[in-house]
Amino acid sequence: MERQMIEDNFELEFEADPNDAIYNASHWKLMWMRFRKHKLAMIGVVIVIFMYTLALFAEFIAPNDPNFTSSQYSYRPPQRIRIIDSEKNWHWPFVYGLKQARDPVTLRLNYVEDTSVRVPISLFVRGSEYTAWGRVEGNLHLFGTKDGPWFPLGTDRLGRCILSRIIYGARISTTIGLVGVLLSFVFGLILGGISGFYGGAVDIVVQRITEFLSSMPQIPLWMALSAALPANLPPLQMYFGITIILSLFAWTGLARVVRGKFLSLRQEDFVMAATLSGTSNAKIIRRHLIPTFTSHIIAQITLSIPAMIIGETSLSFIGVGLRPPTISWGVLLREAQNLRTISQAPWLLIPGLFIIATVLAFNFMGDGLRDAADPYSQ
Amino acid sequence: MLSYIIKRLIYMVFTIAFISVVSFIVIQLPPGDYLTTMISQMEAQGDVVSAELEAALRVRYGLDQPMHKQYFTWVTRILTRLDFGYSFAYNQPVRNLLGDRLLMTMAVSASAMLFAWIVAFPIGIISAVKQYSLFDYFSTFLGFLGMATPSFLLALVLLWVCYQVFGTNASGLFSQEFINAPWSMARVGDMLSRIWLPMIVGGFQSAAGLIRTLRANMLDELRKPYVTTAKAKGLANAFLIIKYPVRIAINPFLSSVAWMFPQLISGMSITGIVLNLPTLGPLLLNSLQNQDMYLAGSVVLILSVLTVTGTLVSDLLLAWVDPRIRYQ
């Protein structure tokens, strides 16, 4: 009994302690504290940061020029990084050179490792020339080889380095989701907000539009719309065209969330108080409502990025999305279109792993954010 | 219930009418029409196409009419004679091209659905009952993977694996000798021996989603006091789970099936293209690239009708199961 009282007392004091971090933490800090506990979400964050770093510093990180073609390097398999050579000696990481040999059974020309040629890998090497972000010229690469070619993930039909192409492709494939989500966010926020805040006839009209859009078959319409973009459009316009098409359907989901939040928040006392003190509707929305559910919106946005990434890659893969010379992960996978090519060069499927990793990472991150969005709940 | 059905049916008619307009406009969006494609092809082969010939062809294909007139002719013919117009590229009525492919699309989507159900049902229940077991982690991982893998990628990987293991090309729905054969028991058998690949590819993503829903629902139910009561009364565990929590957890399961089937049909377009199936997807892609407008428009329209009907049927099912929706 006494012990219980002491404990109660202790808890009371604990709660009242003004120096304790939890009770002074801001909303965002509370969210971060909860988010950090979600291990998968943290892994997701790391992967997402990694992918965007690749995209940002593509020129510097990619070991080769992604557009450099050479018929003598066609379909080279990935070269394994080794530290022990065939005579069991230890070295600084290196790869063996490749030589062509005929398969004794199928008589097909294959590449085999040439153990007499040892190509050491070095950091910060001077290699192919590039112009980063359209202005910085350079030839410094994060890693590479000085004597002899090295294609870490093999080459495609035209002898282009797959790893370098994946890294450059990250630029398109990871940003298309962001830009698309931003667009659908603007649509969704405006329409969902109007519909939820005003209600009545406006609400019914917007609701019918969203219902109509979400009852349409998404993929066939994506195909039809992107086939409607002229094939000779410049890459940048094509990129925005595809993005707009992808966000055309994505905004409905966001609008629904925003509307739901508006509907429930409209009843809150603080809105009533603001209205009574003569604040205009626009200001109530901007100053009071939007900040209240920003965290939910961020979670929802993160969760809708994966669908966009998958949409772009699928469209590019079947040939109605982005087209070469633009490099995106979908365009890269188009190289692996038929069974004969895949069985000859399975490494052409590697861009797929990057797609899966990125989509998974966004999903994990979104799950974590959704759980953290309401840090006051248990 | 009757008024609910009637209300939904009226909505559906309006939606489909609107979709038909939208799909017709979308098909007309690209600059030029089938004739410009055809003429540029003829000119590439060295033929000279005079302005008179072009005008004559334009009249013959009805392309000289204004767009709204073309639309109304198209729609009236569909409604009165089920005539979907003429495919320029295939040189035959669109209806002849659609029949079999529509059936195949339905068959493949339905089997993918079945696959998703059969897989998700036991896995979802077991991973909820044995929460945090190795099996649970494995199925959660599988679920995440299923949601993150684009269907075309899964199709490619499975094709490759099949080729490595069995040495055969598993794409297509029929073996070489049955592709153009008339329907027979042997042809059906051949199809059944090949349908498993599109079934897995199409159903994997849906199965992943279903597993997650079912697991979450089951977990909610298993924590409820009635389960404890039943256990305390000495009911056998397996019997108890099947008899009570599963029956309740399955309810939202039905509603997720509702939006799943339309999604499956829509997603099947890309799977169909990658696996070279005789479904509507490859036909759509082909017609879009050729600007074969009546064919493309009809495929989009039919896929939309399938989607809308699927949604309606599932909503009705749900209303039938759950009286709260019916009386809203």
Side-chain angles (χ1 to χ4, degrees), chain A residues 40 208-209 211-232 245 306-307 309-320 329-330 333-334 336-343 345-346 348-349 351-353 355-364 367, chain B residues 11-12 14-16 18-19 22-23 26-32 144-145 147-154 156-157 159-160 162-164 169-171 259 262-263 265-270 273-274 276 280-282 284-285 287-289 291 296-297 299-300 302-308 311-312:
Chain A
L40 280 177
R208 285 287 156 274
I209 298 175
E211 252 172 49
F212 174 69
L213 274 177
S214 44
S215 73
M216 309 246 287
Q218 197 172 3
I219 293 169
L221 274 163
W222 273 354
M223 282 167 66
L225 285 170
S226 47
L229 295 174
N232 50 5
I245 290 172
I309 295 179
I310 291 185
E312 180 273 321
T313 41
S314 304
L315 287 179
S316 304
F317 176 78
I318 60 173
V320 290
W329 291 341
L333 281 171
R334 198 167 156 70
Q337 227 182 359
N338 58 57
L339 192 54
R340 191 144 39 94
T341 328
I342 305 174
S343 61
L348 288 176
L349 289 175
L353 291 181
I355 298 174
I356 296 178
T358 313
V359 170
L360 269 181
F362 272 114
N363 272 330
F364 289 154
D367 273 353
Chain B
Y11 270 144
M12 189 176 127
F14 274 108
T15 315
I16 290 175
F18 203 62
I19 287 178
V22 171
S23 55
V26 166
I27 302 308
Q28 301 271 24
L29 276 181
F144 275 125
L145 205 66
M147 290 202 297
T149 315
S151 59
F152 75 92
L153 191 63
L154 182 66
L156 282 180
V157 171
L159 273 182
W160 178 57
C162 261
Y163 183 76
Q164 293 291 320
N169 185 352
S171 68
W259 47 260
Q263 260 185 14
I265 295 176
S266 152
M268 210 37 96
S269 331
I270 287 182
I273 293 166
V274 182
N276 196 15
L280 290 173
L284 176 63
L285 182 65
S287 58
L288 286 172
Q289 284 167 341
Q291 297 200 13
V299 174
V300 172
I302 284 182
L303 285 174
S304 309
V305 172
L306 280 184
T307 314
V308 175
T311 317
L312 176 73

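Naming: A, B, ... by sequence-line order, numbering from 1 per chain.
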Go through the atoms of Val299(B) and report whether side chain, backbone, both or neither lie under 4.5 Å from a heavy atom of chain A.
neither
Atom pair CD1 (Ile310(A)) and CE (Met147(B)), whose distance is rounded to the nearest 0.5 Å
9.5 Å
Are the side chains of Ile355(A) and Pro150(B) in touch, meaning some heavy atoms are under 4.5 Å apart?
yes
Among Val300(B), Leu280(B), Leu285(B), Leu145(B), which residue forms the greatest number of heavy-atom pairs with chain A at distances under 4.5 Å?
Leu285(B)
Checking Ile342(A) against Leu159(B) for the side-chain contact (heavy atoms from CB on, under 4.5 Å) test, could you report, in this order, the C-alpha distance in whole Å, the side-chain angles of both residues, the deciding distance, and whether it holds?
CA-CA 9 Å; Ile342(A) 305 174; Leu159(B) 273 182; 5.7 Å; no
Contact part of Phe18(B) toward chain A, heavy-atom cut-off under 4.5 Å: side chain, backbone, both or neither?
both
Part of Leu221(A) within contact of chain B (heavy atom distance under 4.5 Å):
side chain
Residues Arg208(A) and Tyr11(B): side-chain donor-acceptor under 3.5 angstrom:
yes
Pro306(A) versus chain B, heavy atoms under 4.5 Å apart: side chain, backbone, both or neither?
neither
Under a 4.5 Å cutoff for heavy-atom pairs, which residue among Leu156(B), Val308(B), Ile273(B) has the most contacts with chain A?
Leu156(B)
When rounded to the nearest 0.5 angstrom, what distance separates CG in Leu349(A) from CH2 in Trp160(B)?
7.0 Å
Run the numbers on Ile270(B) and Trp222(A) for side-chain contact (heavy atoms from CB on, under 4.5 Å), then give the verdict.
CA-CA 11 Å; Ile270(B) 287 182; Trp222(A) 273 354; over 6 Å; no
Ser266(B) side chain to Ile219(A) backbone, donor-acceptor under 3.5 Å
yes
Looking at Asn363(A), Ile309(A), Thr313(A), which makes the most heavy-atom pairs under 4.5 Å with chain B?
Thr313(A)
Which answer fits Ser269(B), side chain, backbone, both or neither, if we ask what part of it has an atom under 4.5 Å from a heavy atom of chain A?
side chain
Phe152(B) and Phe317(A) aromatic ring geometry - parallel, tilted or perpendicular at 30°/60° bounds:
parallel
Count the heavy-atom pairs under 4.5 Å between each of Ser314(A), Ala357(A), Ala336(A), Gly352(A) and chain B, then report the option with the highest count.
Ser314(A)
Give, as side chain, backbone, both or neither, the part of Leu339(A) having an atom under 4.5 angstrom from any heavy atom of chain B.
side chain
When rounded to the nearest 0.5 angstrom, what distance separates CH2 in Trp329(A) from CG in Leu153(B)?
12.0 Å
Which heavy-atom pair separates Gly281(B) from Met223(A) by the least distance, and what is that distance?
O-CE, 4.2 Å
Side-chain contact, heavy-atom cut-off 4.5 Å: Leu288(B) with Val320(A)?
no
Is it the backbone or the side chain of Phe364(A) that comes under 4.5 Å from a heavy atom of chain B, or both, or neither?
side chain
